[in-house]
Amino acid sequence: MARHLITSAIPYINGIKHLGNLVGSQLPADLYARYQRGRGNEVLFLCATDEHGTPAELAAAKAGKPVADYCAEMHEVQARIAQGFRLSFDHFGRSSSPQNHRLTQHFAGRLAEAGLIREVTEKQMYSRADGRFLPDRYIEGTCPNCGFESARGDQCDNCTKQLDPVDLINPRSTISGSTDLEQRETKHLYLRQSTMRQQLQDWIDSKTDWPILTTSIARKWLNDGDGLQDRGITRDLDWGIPVRKGDQDWPGMEGKVFYVWFDAPIEYIACGAEWAEANGLDAPAWERWWRTDKGASDVTYTQFMGKDNVPFHTLSFPATILGSGEPWKLVDYIKSFNYLNYDGGQFSTSRGRGVFMDQALDILPADYWRWWLLSHAPESSDAEFTWENFQASVNKDLADVLGNFVSRITKFCRAKFGEAVPEGGAWGEQETALIETLTARIRTYEALMDAMEVRKSAQELRAIWVLGNEYLQSAAPWVTIKEDPERAAMQTRLGLNLIRLYAVLSAPFIPDASAAMLAALHSDDAAWPEGDLGAWLGALPADHTFTVPEVLFGKITDEQREDWQTRFAGIRT
RNA sequence: GGGCCUGUAGCUCAAUGGUUAGAGCAGAGCGCUCAUAACGCUUUGGUUGGGGGUUCGAGUCCCUCCGGGCCUACCA
């Protein structure tokens, strides 16, 4: 039995995520986790909220709440929505957990001992009115190059020139609007990634099967300009993990916290510890997933993320792990995704454009979204959500091809034989051929799922559904029942068993519908069809009862589509 | 500016340098009547963004031009 450690990029605590965020990490990670569990493998699937950093502090202030309270509340909100989408995390942790505090400080201490940390005194903009240092993005002013009045401290959106905040004319804080800014000296810790460049390069070069998107971003950072740069890993903020060297104070760093991008990936590991604690397990229980010296050497670790997260997962986090000199589990495969656009533009959290996770669940069940998003996952390039495409795909694939198949066979059986699997008859050539075709397609489906080819897997699964309709059409039990009732019984029995097959194969994509199908068949056996498919398709025996299910997938009407199109075009209310 | 990705049928996407560039949807025709006006079969549709080159052979590799997107290190 293989062991799979799976993590999804951890969503930022600041607000509810949109469908683009969902399809870029959590949803494909869940697909893979469910599939691996379905195949009987041992899985630990971890996710968490990423809670530190300036935006969290500002969002809390805006909500008029202490930042710790705000994060606790938003964590619950995100956890509930994740549950709504049936994201099957073994644990949904928090980067603000005590476990992550300890582990982050531990890593910093190890890196310091290894000589991989240097202290840098630098000047940074401080806003007296806001009482805080301002990241460059939070300073606006007039661009010295083009005169654009809303140029940001790091870059001018108008002329795209890179800027330094001190170059801005009339600089002001975007938080308060205050112009009472000054440069202050402050001391920070830098991770000396540059000294590890060759080691990281060799490691990346060894990953020949990774998505181009993943390796090309990593190479760009390794080789651009002077090569990989050292990275600041501390910030002057109140909310975060206090800078400590293991369990020791760090002289000169009092009142400072680690940078969110330093502690966020470490939360993947800490989340394992949180999972163990939440389930009453001891340290060895999570260490056997994360420490190659404590049982994790046979673990395959796969990370899922959007392309914006790639540099941190291919470089900074591996640098942290390698630099520690300790045998922590390194990632084996990074599956990265492009962006999903919304109706001709970008999803925008700040402008409330597009569909957000809570709204999506308000209007349709999770399976509709899961199916569309996964079957259109932005793997090779950015993808686009349009309501027309969504309506057409979901109606055709889920309602017509799969839902109607379940409906026609169960209703036929009820009408002719009653609500129990009919007895009699034996398979003929048609059935043997069907099973042969199905077996080949299932093996292809498995290979695609193993390779995390999300779109192609969905395509293959759909083709497997279609085989059921083709079989029914050519077998035509509504005809054979007139001259050969035993044959019709056999055909119907196979049809009912196909529903069970579809329930099991489809569970990673559409878990609720899958459960509804199994429930209708009064079956709780969801074992994957390994080995002889013919035998597997005889699992529902004669006389086994079932219930004709409710409509599995209702169709999206034109009125609904138009209504939603209007509703989600503008500003989120 | 630099780097990377991308452009294939009306739409969404496939195609380790190797038969005649394939699927699904939409369109057209036929069949079926168990079923959610559903299903099945057949079928129309392409100068692979433009131009040049390498090669026995190019959607694929190289050059160039045009269009779309992302990243560019203190947002996360």
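Quick note: numbers below take in every heavy atom, side chains included, and nothing from hydrogens, waters or symmetry partners. These numbers were taken from a predicted model, which means no experiment stands behind them. Residue numbering restarts at 1 for every chain, and letters A, B, ... go by the order of the sequence lines.
Looking at heavy-atom distances under 4.0 Å, Arg462(A) makes contact with sugar-phosphate atoms alone, never a base. Gly227(A) comes within contact range of at least one nucleobase, with a heavy-atom separation under 4.0 Å. Within the 4.0 angstrom heavy-atom criterion, only backbone atoms of the sugar-phosphate kind lie near Asp50(A); the bases stay farther away. Base contact: Phe312(A) has a heavy atom under 4.0 Å from a base atom. Base contact: Val551(A) has a heavy atom under 4.0 Å from a base atom.
Side-chain atoms of Trp465(A) and Asp397(A) form no donor-acceptor pair, as typed in the model, at a separation below 3.5 Å.
Interface remark: the Glu470(A) side chain does not form any donor-acceptor pair with the C41(B) base, using a distance-only criterion of under 3.5 Å. Scanning atom types as modelled, no donor and acceptor separated by under 3.5 angstrom connect the side chain of Gln346(A) and the base of C70(B). Side-chain to base pairing of Asn404(A) with A38(B): no donor and acceptor N or O lie closer than 3.5 Å to each other.
Pairing partner, A23(B): U12(B), with both Watson-Crick or wobble hydrogen-bond distances short of 3.5 Å. Base pairing of G67(B) is made with U6(B), judged by Watson-Crick or G-U wobble geometry with both donor-acceptor distances under 3.5 Å.
Between the side chain of Asn497(A) and the backbone N or O of Arg493(A) there is at least one donor-acceptor pair closer than 3.5 Å.
Remark: the separation of the P atoms in U6(B) and U43(B) is 33 Å, to the nearest Å. Using atom P as the reference point in both G46(B) and U8(B), the two lie 15 Å apart (nearest Å).
Annotation: of the two residues near RNA chain B, Lys555(A) and Ala383(A), the 5′-most nearest-nucleotide partner is Ala383(A).
The cationic atom of Arg118(A) (NZ for Lys, CZ for Arg) lies less than 6.0 Å from the six-membered ring centre of Tyr190(A) and within 45° of the ring axis. Remark: Lys307(A) is positioned above the aromatic ring of Tyr339(A), its terminal NZ or CZ atom under 6.0 angstrom from the ring centre and at most 45 degrees off the axis.
When each of C74(B), A26(B), U33(B) is scored by its nearest atom to the side-chain atoms of Lys396(A), the top-ranked nucleotide is A26(B). Comparing C71(B), C75(B), C5(B) by their nearest atom to the side chain of Ile212(A) picks out C5(B). With C74(B), A38(B), C34(B) as the choices, the nucleotide that has an atom nearest any side-chain atom of Arg231(A) turns out to be C74(B). Comparing C70(B), A76(B), A35(B) by their nearest atom to the side chain of Ser407(A) picks out A35(B). Comparing A76(B), U72(B), C39(B) by their closest approach to the side chain of Gln473(A) singles out C39(B).
Here Phe412(A) does not lie in a stacked arrangement on the base of C34(B), lacking the combination of planes under 30° and ring centres under 5.5 Å apart.
Heavy atoms from other residues, nucleotides or ligands lying under 6.0 Å from CG of Asp558(A) number more than 12.
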